[in-house]
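The first residue in the sequence is number 1, and the count goes up from there. Just the heavy atoms: all of them, side chains too, but no hydrogens, waters or symmetry mates, feed the values below.
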Amino acid sequence: MPFENRRDAGRRLAQQLLHFRSADAVVLGLPRGGVPVAFEVAQALRAPLDVIVVRKLGVPTHPELGMGAIGEGDVRIINNEVLWKTGVSARELDEVERRERVELDRRARLFRVDRRRVDVTGRTAIVVDDGIATGSTAHVACRVAREQGAARVVLAVPVAPPHALERLEEVTDEQVCLETPGWFMAIGQWYRDFTQTPDAEVVELLHHAGQARATRTADDR
């Protein structure tokens, strides 16, 4: 059992990311479980912390099958091959996107409260989650970070199966992963405590990270 909890995983992951401390990096945690991990990374790198809120656009008759994804800043990614194979019409796509956009905006407001999204334009975006199983969510998040203007996209996770990381090479410039087990059943098996992260904890961590960064900025002046 390599990790006690997400905070422990984040501290250990941060040690492998210290070469980004002098870079113009932004740490982006995937809500909800990725945020406690990302918080520790951001603290160690003295980098701003934010969430990267994404929503999969599922095929109406098979919601688990993604025909695209959306992110903040009107980012829209469409998989034309899936659209063609499933016969989803433009109207059906628009309906799904409209519904998911409402949920995306709700979650962004919930997590950020009154804070603006951290601009990643021209910067290194370090996308952090508590682990990867299939990689579909991480794939979307990395593409969204790129669409938002990130100059480099780095995927950082405590654990992931090798085949999932291989599929993510096309959307990342660098990957950092502490454990790459050949036998993989679920992310939770690599944590002693894998209790669900509540929304309130995400909000608290983002607030605390913002305050800590403001204090460091003031001290550096």
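- Counting only residues at least two apart or in different chains, ring-ring contact (aromatic ring centres under 6.0 Å, His included) contacts with residues 67-121 are absent.
- At a threshold of 4.5 Å between non-hydrogen side-chain atoms, the residues Val154 and Val127 do not count as touching.
- Applying the side-chain hydrogen bond (donor to acceptor under 3.5 Å, both in side chains) rule to Arg76 yields the partners Glu97; only residues at least two apart in sequence or on another chain are considered.
- Applying the side chain to side chain contact (heavy atoms under 4.5 Å, CB included) criterion to Val140, with sequence neighbours excluded, gives Val54, Ala69, Val144.
- Asp24 is linked by a salt bridge (charged side-chain N to carboxylate O under 4.0 Å, His left out) to Arg123, counting only residues two or more places apart in sequence or in another chain.
- Identified under the side-chain hydrogen bond (donor to acceptor under 3.5 Å, both in side chains) test for residues 138-147, with sequence neighbours left out: Arg146-Asp173.
- Put simply, the side chain of Val113 does not reach to within 4.5 Å of the side chain of Leu206, judged on heavy atoms.
- When atom types are taken as modelled, the side chain of Tyr191 and the backbone of Ala9 share no donor-acceptor pair closer than 3.5 angstrom.
- The two atoms that bring Ala138 and Leu168 nearest to each other are C-CD2, 4.0 Å, heavy atoms only.
- One hydrophobic cluster holds both Phe39 and Val37 under the rule that ILVMFWY side chains link at heavy-atom gaps under 4.5 Å.
- Side-chain atoms of Pro60 and Val96, non-hydrogen and from C-beta on, do get closer than 4.5 Å to each other.
- Taking OG1 of Thr86 as the start and CG of Leu93 as the end, the distance is 9.5 Å to the nearest 0.5 Å.
- In this view, Asp129 satisfies the side-chain hydrogen bond (donor to acceptor under 3.5 Å, both in side chains) rule with no residue, not counting sequence neighbours.
- Considering CD of Glu72 and CG of Asp50, their distance stands at 7.0 Å, rounded to 0.5 Å.
- In terms of heavy atoms, Pro48 sits closest to Ala25 at CD-O, 3.4 Å.
- For Arg91, the side chain to side chain contact (heavy atoms under 4.5 Å, CB included) partners at least two apart in sequence or on another chain are Ser89, Glu95.
- Taking the side chain as every heavy atom from C-beta outward, Ile132 and Val159 never approach each other to under 4.5 Å.
- Phe3 does not carry Arg12 over the face of its six-membered ring by the limits of under 6.0 Å from the centre and within 45° of the normal.
- With a 4.5 Å cut-off on side-chain heavy atoms, Leu28 and Ile126 do not count as touching.
- The backbone N or O of Asp114 lies less than 3.5 Å from no partner atom in the side chain of Arg109, so there is not a single donor-acceptor pair.
- Leu45 and Val153 are not part of a single hydrophobic cluster, where members link through side-chain heavy atoms under 4.5 Å apart.
- Taken together through direct or relayed side-chain contacts under 4.5 Å among Ile, Leu, Val, Met, Phe, Trp and Tyr, Val128 and Val171 form parts of separate hydrophobic clusters.
- Residues Ile70 and Val75 do not share a hydrophobic cluster, defined by chaining ILVMFWY side chains whose heavy atoms lie under 4.5 Å apart.
- Cluster annotation: Ile52 and Val120 are assigned to the same hydrophobic cluster (Ile/Leu/Val/Met/Phe/Trp/Tyr, side-chain heavy-atom contacts under 4.5 Å, transitive).
- For the residue pair His19 and Gln16, the shortest heavy atom distance occurs at CE1-O, 3.3 Å.
- Closest of all the heavy-atom pairs between Ala125 and Ala150 is CB-CB, 3.8 Å.
- Considering all non-hydrogen atoms of both residues, Ala133 and Pro161 come closest at O-CG, 3.5 Å.
- Take Arg32 and apply the salt bridge (charged side-chain N to carboxylate O under 4.0 Å, His left out) test, not counting sequence neighbours, and it matches Asp199.
- Note that CD of Glu169 and SG of Cys142 are 12.0 Å apart. Values are rounded to the nearest 0.5 Å.
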Exercise. Apply side chain to side chain contact (heavy atoms under 4.5 Å, CB included) to the pair Leu30 and Thr137, showing each step before the final yes or no.
Key: CA-CA 9 Å; Leu30 279 162; Thr137 302; 4.2 Å; yes
Show every donor-acceptor pair shorter than 3.5 Å between a side-chain atom in residues 175-188 and any protein atom, with sequence neighbours excluded, or say none if there are none.
residue: Gln175; atom: NE2; partner: Leu165; partner atom: O; Å: 3.0
residue: Gln175; atom: NE2; partner: Thr172; partner atom: OG1; Å: 3.3

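- Distance CG/Asp94 to CZ/Arg101: 12.0 Å, rounded to 0.5 Å.
- Put simply, the side chain of Val51 reaches to within 4.5 Å of the side chain of Arg112, judged on heavy atoms.
- Atom NE2 of His62 has 12 or fewer heavy atoms from other residues, nucleotides or ligands within 6.0 Å.
- Residues passing the side chain to side chain contact (heavy atoms under 4.5 Å, CB included) test with Arg11 are Arg7, Asp8, Glu40, sequence neighbours excluded.
- Ion pairing of Arg99 with Glu103 is absent here, as no side-chain N (NZ or NE/NH1/NH2) approaches a carboxylate O to less than 4.0 Å.
- Using a 4.5 Å heavy-atom cutoff, the side chains of Thr197 and Val202 are in contact.
- From Arg46, atom CZ reaches atom CG of Leu18 across 12.5 Å, with rounding to the nearest 0.5 Å.
- Judged by distance alone, the side chains of Gln43 and His208 never bring a donor and an acceptor atom under 3.5 Å apart.
- In this view, Ser22 satisfies the side-chain hydrogen bond (donor to acceptor under 3.5 Å, both in side chains) rule with no residue, not counting sequence neighbours.
- Counting only heavy atoms from C-beta outward, the side chains of Ile78 and Met67 never approach each other to under 4.5 Å.
- Every residue two or more places apart in sequence or in another chain that forms a side-chain hydrogen bond (donor to acceptor under 3.5 Å, both in side chains) with His207 is listed here: Gln211.
- When every heavy atom of Leu205 is checked against every heavy atom of Pro36, the shortest pair comes out as CD1-CA, 3.7 Å.
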